[in-house]
Amino acid sequence: MVIDTSLHNMKQRMHPDLDVSGLTKAEDQLSILLGFRYRSTAVLAEEPDDGERVEDVHAPTGRPGFRAPGLESTVDLIGRSWVLLCAGDGTRWQPAAADIAAELGVRLDCHVLDDAVFAARYGLSTGGASLVRPDGIVAWRSPEPAEDPAAELWRVLTAVLSR
């Protein structure tokens, strides 16, 4: 994506005769830097996959594979460990997160945020949750409350950690 965009820029600025017909489309530089989609086994993508490689950095969606939306309520929570962010009600997620983190031997901080802006930006209803990797990429989200948070969190963490 970066190379193809660079070649499109080179054509536009220096070599108008350069054939870029076999390249993917050029992306906005800011989107490449901050709005890229990370695809790996350490991210559980939502289906169906729209195929987009970047998203608008000014309107982040909180979807898995993209950078976690930067909000005043979350900025100090992300970056030191795995983080489970719960919308409005984390009473079922918190004990599950503590037990599973101990069993897997990973640091998983669980935070409940009763903040409508957070919930909207992350695409969560009350009782939903979003798992953010230490590098700030959303690994998974449950937009609605899970029927069995412990089982769901176990499935998710073992998948993204390849265990």
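Basis for what follows: all heavy atoms, side chains included, without hydrogens, waters or symmetry-related copies. All residue numbers in this chain count up from 1 along the given sequence.
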Hey, any chance [X] and [Y] share a hydrophobic cluster, counting ILVMFWY side chains that come within less than 4.5 Å of each other, even indirectly?
| X | Y | value |
| --- | --- | --- |
| Leu44 | Phe66 | no |
| Val83 | Leu113 | yes |
| Leu153 | Val160 | yes |

Which side chain to side chain donor-acceptor pair (under 3.5 Å) pairs, counting each pair once, include a residue from residues 115-125, with sequence neighbours left out? Ser73-Asp115, Ser125-Glu144
For residues 95-110, which residue pairs qualify under side chain to side chain donor-acceptor pair (under 3.5 Å), counting only residues two or more places apart or in two chains?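 Every pair satisfying side chain to side chain donor-acceptor pair (under 3.5 Å) with a residue in residues 95-110: Ser81-Asp109, Arg107-Asp109.
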Measure the [atom1]-[atom2] distance between [X] and [Y] for me, rounded to the nearest 0.5 Å.
| X | Y | atom1 | atom2 | value |
| --- | --- | --- | --- | --- |
| Asp135 | Trp82 | CG | CH2 | 8.0 Å |
| Arg133 | Tyr38 | CZ | OH | 4.5 Å |
| Leu77 | His111 | CG | NE2 | 4.5 Å |

What are the two closest heavy atoms between [X] and [Y], and how far apart are they?
| X | Y | value |
| --- | --- | --- |
| Cys110 | Ala97 | CB-CB, 4.0 Å |
| Gly136 | Ile78 | CA-CG2, 3.8 Å |
| Ala129 | Leu84 | CB-CD1, 3.9 Å |
| Gly90 | Val112 | CA-CG2, 3.6 Å |
| Trp93 | Cys86 | CB-SG, 3.5 Å |
| Glu46 | Arg141 | OE2-NE, 2.6 Å |

Any carboxylate oxygen within less than 4.0 angstrom of a Lys/Arg side-chain nitrogen, looking at Glu55 and Arg63? yes
Is it true that Arg155 and Asp148 have a side-chain N and a carboxylate O under 4.0 angstrom from each other? no
Got more than 12 heavy atoms from elsewhere within 6.0 Å of CG, Asp114?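 No.
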Can you list the steps and then say if Arg39 with Asp49 is a side chain to side chain contact (heavy atoms under 4.5 Å, CB included)? CA-CA 11 Å; Arg39 296 177 188 273; Asp49 186 343; 2.5 Å; yes
What pairs with Ala101 under side-chain contact (heavy atoms from CB on, under 4.5 Å), at least two apart in sequence or on another chain?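 Scan of Ala101 (side-chain contact (heavy atoms from CB on, under 4.5 Å), adjacent residues dropped) gives Val106, Leu108.
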Using a 4.5 Å cut-off on heavy atoms from C-beta on, say whether the side chain of [Y] contacts that of [X].
| X | Y | answer |
| --- | --- | --- |
| Ser130 | Trp140 | no |
| Arg37 | Val54 | no |
| Leu157 | Glu152 | no |

Can you check whether Gly70's main-chain N or O pairs, donor with acceptor, with Thr74's side chain at less than 3.5 Å?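 A pair under 3.5 Å: no.
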Go through Val138 and Leu131 one step at a time and tell me if the side chain to side chain contact (heavy atoms under 4.5 Å, CB included) criterion holds. CA-CA 6 Å; Val138 176; Leu131 179 66; over 6 Å; no
Would you please test Val132 and Ile137 for side chain to side chain contact (heavy atoms under 4.5 Å, CB included) and show each step? CA-CA 6 Å; Val132 181; Ile137 300 296; over 6 Å; no
